[in-house]
Q: 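Provided herewith is a single structure, encoded as structure tokens, for subsequent inquiry.
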Amino acid sequence: MGADSAQTLEEWQAVCPWTIHRDPGTGASLPVPPGWEGLVAPEIRIVLRCPGSLTFRPNVTLTVERPPGELSELPTYTDALLHDMTLGLTDLTVIAIDHYELWGVEGRRALSAYRSGIYTLALEQYWFLKDGLATVVAGTCAVEQHDELAETFAYIVAGMDLASRLPDE
């Protein structure tokens with residue numbers, strides 16, 4: 001049985017050829033591509049970075065938050081997340097927003113592009129609300145790297161386990 005034919009997350013992760021990185025504080029986990037490294041960054045639960053690159057070093061981050069009550073539904077959380085992105089990212093262009101389901105949990109996938117210094121970056125984000133927690137995964141790479149990395153980002157998300165708690169709870 002391959003990861004693509006797994007019926008549960010546990011089955012998927014058991015046959016995944018990649019290492020699974022778990023965040024003990026939140027219960028979230030992500031598959032780690034071969035050669036990628038984990039980094040420590042304040043306020044970010046999981047950070048993965050691609051090995052050296054001639055251009056921008058692709059990375060994947062996972063963050064977890066408990067949205068306030070008015071943002072506890074997926075449509076309102078989505079609107080707020082996209083609004084905040086436009087405030088913080090220079091020249092953000094949202095290319096697509098799609099419905100996405102992960103192990104029975106409804107979420108969203110957004111593909112965007114923006115400028116960061118000398119780089120034009122592609123940002124592929126997935127977010128899910130479950131049990132009052134938002135788990136957000138973002139894959140970032142130079143625009144010219146996106147075609148090469150899109151399957152990697154999708155495979156990471158396909159095998160992720162959503163957060164079940166905040167570290168301080």
Q: When hydrophobic residues are tied together by side-chain contacts of less than 4.5 Å, even through go-betweens, does I44 share a cluster with L123?
A: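 Different clusters: I44 never reaches L123 through Ile, Leu, Val, Met, Phe, Trp or Tyr contacts under 4.5 Å.
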Q: Can you confirm whether the side chains of T135 and W127 place a donor and an acceptor under 3.5 Å from each other?
A: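 No, because no side-chain N or O of T135 sits under 3.5 Å from a partner of the opposite role on W127.
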Q: Any side-chain to backbone donor/acceptor pair from Q125 onto R109? Under 3.5 Å, distance only.
A: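 No, Q125 side chain to R109 backbone: no donor-acceptor pair under 3.5 Å.
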Q: Ring pair (Phe, Tyr, Trp, His ring centres under 6.0 Å) for Y155 and W12? Distances and angles first, verdict last.
A: CA-CA 11 Å; Y155 194 74; W12 193 103; 4.8 Å; yes
Q: Taking atom types as modelled and ignoring hydrogens, do the side chains of R45 and T26 form a donor-acceptor contact shorter than 3.5 angstrom?
A: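 No.
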Q: Looking only at atom types and distance, does a side-chain atom of Q145 sit under 3.5 Å from a main-chain N or O of A142, one as donor and one as acceptor?
A: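 The answer is yes, because a donor-acceptor pair under 3.5 Å joins these two groups.
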Q: Rounded to the nearest 0.5 Å, what's the gap from CG on N59 to CD1 on I46? Could you check?
A: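 Between atom CG of N59 and atom CD1 of I46 there are 13.0 Å.
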Q: Can you sort out the partners of R165 under salt bridge (Lys or Arg N to Asp or Glu O under 4.0 Å), two or more places apart, ordered by chain and number?
A: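 None.
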Q: Hey, is the main chain of Q7 close enough, under 3.5 Å, to the side chain of E11 for a donor-acceptor pair?
A: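 Side chain of E11 to backbone of Q7: a pair is present.
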Q: Is it the case that the side chains of Y77 and E70 hold a donor-acceptor pair, with the cut-off being a distance below 3.5 Å and no angle test?
A: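 Y77 and E70 do not have a side-chain donor-acceptor pair below 3.5 Å.
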Q: So, do M160 and L102 sit near enough that their side-chain heavy atoms are less than 4.5 Å apart?
A: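 Yes. Closest side-chain heavy atoms under 4.5 Å.
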Q: Around E101, counting heavy atoms of other residues, nucleotides and ligands shown, do more than 12 lie under 6.0 Å from its CD?
A: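 Yes - once you tally the heavy atoms of other residues, nucleotides and ligands closer than 6.0 Å, there are more than 12.
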Q: Going by an N to O cut-off under 4.0 Å, is there a salt bridge joining E37 and R57?
A: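 So E37 pairs with R57 through a salt bridge.
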Q: List for me each residue that meets salt bridge (Lys or Arg N to Asp or Glu O under 4.0 Å) alongside R66, sequence neighbours excluded, and say none if there are none.
A: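 Here the qualifying residues are E169.
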